[in-house]
Amino acid sequence: MNFEETLNSGKFVVTAEVGPPKGTDIAALHHDIELLKGKVDALNVTDNQSAVMRICSLAICKIVLDHGAEPILQMTCRDRNRIGLQSDLLGASVLGIRNVLCMTGDHVFAGDHKGAKPVYDLESVQLLAAVQGLNGGKDMAGNDLLGCTNFFQGAVVTPEANPLAPQLAKFEKKIRAGARFFQTQAIYDVDKFKDFMVVARRFPVKVLAGLVILKSAGMANFLNKNVPGIRVPEDLIEELKAAGKEKALETGMDIAARHIRRMKEENICDGVHIMAIGMEDKVPVIMEKAGLI
Amino acid sequence: MIITRKKNRKELLETLKKFNNFFLIGCSECATLCGTGGQEQLDELKGLLEEQGRTVKGVFVAKTGCQVLGTKVELKKFKEALDETGCVVVMSCGAGTQAAVEIFADKPVYPSNDSLFLGNMTRLQMFDERCSLCGECILDKTGGICPVTACPKGILNGPCGGTKDGHCEVSPEIPCAWVRIWERMEKLGQTEEFKLMTLGAKNWSASIKPRKLNAREEKK
Ligand code: SF4
């Protein structure tokens with residue numbers, strides 16, 4: 001079963017992600033892919049995450065495929081215009097990549113090439129529409145394709161956005177533009193996430209809750225202060241503090257596992273997307289704790 | 001209006017080093033409001049040049065410095081001074097400078113300002129960029145606030161995930177354009193309409209450079 005079929009089968013889906021390195025040494029990446037394959041249902045490959053220049057997502061997606069795992073191609077609009085994006089999408093298609101996650105992308109300003117020209121010829125909603133067009137055999141200019149694509153396209157949403165209303169409006173636009181699954185920004189407040197899911201469940205889309213492992217109370221405070229759309233509730237910070245330095249990471253993993261268990265048992269969403277950010281080896285551990293493997 | 005900023009005076013004087021006789025042209029419109037090319041700034045630069053033992057043959061604040069023919073006519077009365085001038089310094093925007101380039105075919109023309117953006121004066125000598133001259137205005141669809149300009153990513157269909165408490169991910173100094181647009185649409189009762197409308201990719205061929213407009217032809 002591929003990722004789309006697995007989602008449609010009603011199984012509680014797990015995706016994780018790998019971040020391509022800066023440079024050509026991909027030994028660690030091979031290791032992570034081997035570690036995660038067979039355990040997670042698909043692997044996101046980030047696209048110059050945080051606007052830091054690295055190996056392109058497309059090449060690493062092909063490597064994920066070669067390992068026998070299923071990639072989700074993350075595509076941002078920051079670095080390519082509509083010609084580049086569509087061209088890469090066609091390329092992805094012939095390489096056998098089926099899943100694509102359409103994003104606007106962190107601004108150049110966040111990254112390591114601050115003088116680069118930000119492109120943003122398209123943004124997430126328009127990129128989704130472009131993918132839908134390619135699936136239907138037409139490019140953005142209305143030209144016929146010699147062979148169309150068959151992408152399963154998704155997008156991201158931030159349920160903790162402040163203010164939330166315009167974010168929800170954009171969520172609806174993404175769905176109308178063809179998004180069929182969503183991976184969310186990191187969720188730490190499951191009750192609040194349930195409110196979001198009440199809205200999301202009105203639409204025929206699959207939603208995977210984003211999870212980022214908390215390593216310490218300090219990290220939680222950092223996220224609250226600096227990262228848009230993430231809110232770690234006070235009681236979790238207390239829990240991490242109480243665990244002490246030694247046990248903080250363990251507790252963070254317990255929290256993630258607990259949240260996954262609850263989301264699955266209460267059928268809150270269709271799966272989870274675990275962003276381990278350098279701790280890929282912890283993903284199977286969390287899945288085990290959550291009773292998924 | 002066109003927002004300009006004075007070039008660093010030390011660097012400017014260094015650039016002008018090779019000339020001895022100058023004529024300074026300002027502009028009574030944008031550059032005067034920006035404090036970069038009004039009478040006061042012309043006198044200031046004149047003083048600096050004279051301090052260095054150079055001669056300023058004349059100073060003049062043009063009515064509209066980017067209007068080629070009008071400025072040419074206005075400058076007629078300075079013919080003598082201009083004949084003795086080795087370098088014309090234009091203290092307005094890039095368009096004003098190039099009007100002078102057109103008028104003075106055989107004289108070097110130097111800019112004293114950097115031209116920054118098309119913006120509004122929000123308070124005295126404080127300016128905000130408001131329009132990107134994209135060639136295809138969408139303000140009717142975005143609550144009257146331009147996301148092409150006010151959002152660093154130029155997003156057309158709502159906020160990205162980077163908006164934090166009403167601020168943009170690029171800088172806490174920048175209010176998120178899409179929060180502003182949304183709030184205005186709420187006041188106007190346009191949010192439902194907004195939800196149902198998706199703006200397609202912009203047609204950037206409307207802003208291929210250099211642009212030209214023949215309004216006379218268009219009137220016909
Ligand atoms: S935070 Fe708002 S203004 Fe900044 S890039 Fe995102 S949508 Fe645009």
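Each chain gets a letter, A, B and so on, in the order the sequences are listed, and its residues count up from 1.
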Whether over 12 other heavy atoms sit under 6.0 Å from Lys225(A) NZ: no
Enclosure of Lys6(B) NZ (heavy-atom neighbours >12, cutoff 6.0 Å): yes
Contact leader toward chain B among Glu172(A), Gln167(A), Arg176(A), where contacts are heavy-atom pairs under 4.5 Å: Arg176(A)
CD/Glu102(B): more than 12 non-hydrogen atoms of other groups inside 6.0 Å: no
Structural part of Val108(A) lying under 4.5 Å from a heavy atom of chain B: neither
Interface moiety of Met103(A) toward chain B, non-hydrogen atoms closer than 4.5 Å: neither
Heavy-atom pair of closest approach, residues Ala169(A) and Lys195(B): CB-CG, 3.5 Å
Chain A neighbours within residues 107-144 of chain B, where any heavy atom lies under 4.5 Å away: none
Lys72(B), NZ: over 12 other non-hydrogen atoms inside 6.0 angstrom: no
Option in Asp121(A), Thr158(A), Val119(A) with maximal non-hydrogen atom pairs under 4.5 Å from chain B: Asp121(A)
pair Trp204(B)-Arg82(A): side-chain heavy atoms closer than 4.5 Å: yes
Contact leader toward chain B among Val227(A), Val157(A), Asn81(A), where contacts are heavy-atom pairs under 4.5 Å: Val227(A)
Exercise: identify the closest heavy-atom pair between Ile155(B) and Glu123(A): CG2-OE2, 3.5 Å
Heavy-atom closest contact (Asp106(A) atom, Lys153(B) atom, distance): CA-NZ, 4.0 Å
Residues 157-194 of chain B: residues contacting chain A (heavy atom under 4.5 Å, by number): Asn157(B), Gly158(B), Pro159(B), Cys160(B), Gly161(B), Gly162(B), Thr163(B), Lys164(B), Asp165(B), Gly166(B), Glu169(B), Val170(B), Val179(B), Trp182(B), Phe194(B)
More than 12 heavy atoms of other groups within 6.0 Å of Arg201(A) CZ: yes
Part of Ala165(A) within contact of chain B (heavy atom distance under 4.5 Å): both
Pro166(A) portion near chain B, given a 4.5 angstrom heavy-atom threshold: both
Greatest number of heavy atom pairs closer than 4.5 Å to chain B - which of Lys173(A), His107(A), Lys174(A): Lys173(A)
